[in-house]
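Each remark here refers to the structure printed beneath this line.
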Amino acid sequence: MEEIEIKFAVKDTKAATEKLRKLGFRIAVGRHRENNYLFDDGAGSLRKAGKLLRVRKTPSSQTLTYKGPISASSKLKRREEIECRIEQADVLIRILQESGFSIQTEYSKYRTVFEKDGFNISLDETEAGNYLEVEGPSEEDVTKLGEKLGYSEKDFVRRTYAELIGEKRSG
């Protein structure tokens with residue numbers, strides 16, 4: 001499956017939530033904590049290729065996700081995404097570690113998920129700041145929704161949370 005999304009920095013989470021509600025978005029998943037574990041081999045092969053292998057744990061589900069490189073020709077974050085639910089994240093983490101992968105980055109965030117008309121918007125509270133992550137059916141649709149939310153192309157954040165949080169931790 002292809003993922004088409006972009007992040008926008010959010011200064012006021014309450015104002016962002018109100019704006020989404022006024023546009024008819026409903027909360028699909030209430031505010032919850034997510035723990036994310038990003039894996040790579042000793043040579044950093046996945047990171048160097050712009051790929052990602054993640055185990056995510058939330059109160060209601062656990063998932064394994066592969067993401068391909070971000071398309072260079074897109075202004076948004078457009079990339080292949082393959083995801084499946086798993087039953088025992090801790091066991092899978094151990095299997096990955098025993099197979100030569102290690103946790104390269106670990107972070108958590110609080111996320112509230114909004115939905116409407118094929119759009120999935122996450123309000124994410126991270127140690128690197130708060131962001132709206134807008135995912136939709138096409139680049140044009142995502143860009144138009146961003147404009148309705150008061151953002152323009154200059155506000156696009158294409159970096160991953162791992163990159164944003166890594167910059168915050170090292171700075």
Side-chain angles (χ1 to χ4, degrees), residues 1-10 13 27-115 118-139 142 146 156-171:
M1 183 177 123
E2 186 176 46
E3 170 184 70
I4 302 170
E5 69 179 24
I6 198 66
K7 289 182 191 68
F8 299 106
V10 172
T13 58
I27 293 178
V29 183
R31 187 176 185 266
H32 62 281
R33 184 182 173 99
E34 288 186 351
N35 295 309
N36 296 274
Y37 307 88
L38 305 185
F39 289 84
D40 209 337
D41 62 18
S45 302
L46 293 173
R47 182 186 50 77
K48 289 176 187 171
K51 300 176 181 180
L52 178 143
L53 183 62
R54 176 186 69 211
V55 172
R56 172 176 284 165
K57 294 167 37 172
T58 73
S60 62
S61 69
Q62 301 170 83
T63 56
L64 173 66
T65 306
Y66 161 82
K67 292 189 181 199
I70 297 171
S71 170
S73 64
S74 173
K75 292 178 183 176
L76 306 182
K77 277 177 57 187
R78 189 176 194 140
R79 66 197 314 192
E80 179 182 19
E81 179 182 62
I82 305 168
E83 187 169 79
C84 68
R85 286 182 177 261
I86 55 176
E87 289 187 25
Q88 297 176 302
D90 293 331
V91 173
L92 180 58
I93 288 170
R94 178 141 184 249
I95 289 170
L96 289 169
Q97 290 172 325
E98 294 297 327
S99 300
F101 289 92
S102 61
I103 298 172
Q104 298 297 309
T105 305
E106 183 177 338
Y107 65 91
S108 63
K109 64 184 173 200
Y110 286 95
R111 171 170 272 187
T112 305
V113 180
F114 299 83
E115 289 180 347
F119 286 95
N120 184 302
I121 300 181
S122 298
L123 176 58
D124 293 326
E125 302 165 63
T126 79
E127 66 187 82
N130 300 327
Y131 295 89
L132 275 183
E133 188 175 80
V134 178
E135 187 171 346
S138 73
E139 289 192 35
V142 170
F156 287 2
V157 178
R158 292 183 80 215
R159 292 183 310 238
T160 65
Y161 284 121
E163 292 168 331
L164 294 165
I165 290 169
E167 290 169 12
K168 176 77 173 173
R169 290 176 180 172
S170 65

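Residue numbers count from 1 along this sequence.
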State, with a plain yes or no, whether a side-chain heavy atom of Val157 is found less than 4.5 Å away from one of Ile6. no

As an exercise, state the distance from CG of Leu52 to CG of Asn36, rounded to the nearest 0.5 Å. 9.0 Å

Under a 3.5 Å threshold, yes or no: a donor from one side chain and an acceptor from the other, between Gln97 and Ser99? no

Is any side-chain heavy atom of Lys77 closer than 4.5 Å to a side-chain heavy atom of Thr160? yes

Do Ser108 and Arg33 get their side chains close enough for a donor-acceptor pair, meaning under 3.5 Å? yes

For Tyr110, is there any backbone N or O sitting under 3.5 Å from a side-chain donor or acceptor partner on His32? no

Within-4.5 Å side-chain heavy-atom neighbours: Ile82 and Thr65: no

Answer yes or no: is there a side-chain heavy-atom contact under 4.5 Å between Ile93 and Phe39? yes

Taking atom CZ of Arg56 and atom CD of Gln62, what is their separation to the nearest 0.5 Å? 12.5 Å

Any idea which heavy atoms bring Glu139 and Ser74 closest together, and the distance? OE2-OG, 3.0 Å

To the nearest 0.5 Å, what is the distance between NZ (Lys109) and CG (Leu164)? 10.5 Å

Under a 4.0 Å threshold between the charged nitrogen and the carboxylate oxygen, would Lys57 count as salt-bridged to Asp90? yes

Salt bridge (charged side-chain N to carboxylate O under 4.0 Å, His left out) involving Arg54 - partner list, sequence neighbours excluded: Glu83

Is any side-chain heavy atom of Phe114 less than 4.5 Å from a side-chain heavy atom of Ser122? no

Check whether any side-chain heavy atom of Arg47 sits under 4.5 Å from a side-chain heavy atom of Gln104, and report yes or no. no

Please list, chain by chain and in numerical order, all residues satisfying salt bridge (charged side-chain N to carboxylate O under 4.0 Å, His left out) with Arg158, sequence neighbours excluded. none

Do Tyr161 and Asp124 pair up side chain to side chain, a donor and an acceptor below 3.5 Å, judged on atom types alone? yes

Lys48 side, atom NZ; Asp41 side, atom CG - distance, nearest 0.5 Å: 8.0 Å

Is any NZ, NE, NH1 or NH2 atom of the basic residue among Arg79 and Glu5 found under 4.0 Å from an Asp or Glu carboxylate oxygen of the other? no

So, taking the atom named CG in Leu53 and the one named NZ in Lys51, what distance separates them when rounded to the nearest 0.5 Å? 11.0 Å

Check: Asp40 side chain, Leu46 main-chain N or O, donor-acceptor pair, under 3.5 Å: yes

Using side-chain heavy atoms (C-beta onward) and a distance below 4.5 Å, is Phe156 in contact with Lys75? yes

Would you name the heavy atoms of Pro137 and Ile4 that are closest together and state the gap between them? O-CD1, 3.7 Å

Could you tell me if the side chain of Val55 sits less than 4.5 Å from the side chain of Thr63, heavy atoms only? no

Assess whether a salt bridge exists between Glu81 and Lys67, defined as any Lys/Arg side-chain N lying under 4.0 Å from an Asp/Glu carboxylate O. yes

How close do Ala162 and Leu38 get, counting heavy atoms only, and between which atoms? CB-CD1, 3.3 Å

To the nearest 0.5 Å, tell me how far Arg111 CZ sits from Ile121 CD1. 11.5 Å

Evaluation steps, side chain to side chain contact (heavy atoms under 4.5 Å, CB included), between Arg78 and Glu2: CA-CA 7 Å; Arg78 189 176 194 140; Glu2 186 176 46; 2.8 Å; yes

Does atom CD (Gln88) have a neighbourhood of more than 12 heavy atoms from anything else shown, all under 6.0 Å? no

Is it true that Arg169 and Glu127 have a side-chain N and a carboxylate O under 4.0 angstrom from each other? yes

Report yes or no: do Thr13 and Glu125 form a side-chain donor-acceptor pair below 3.5 Å? no

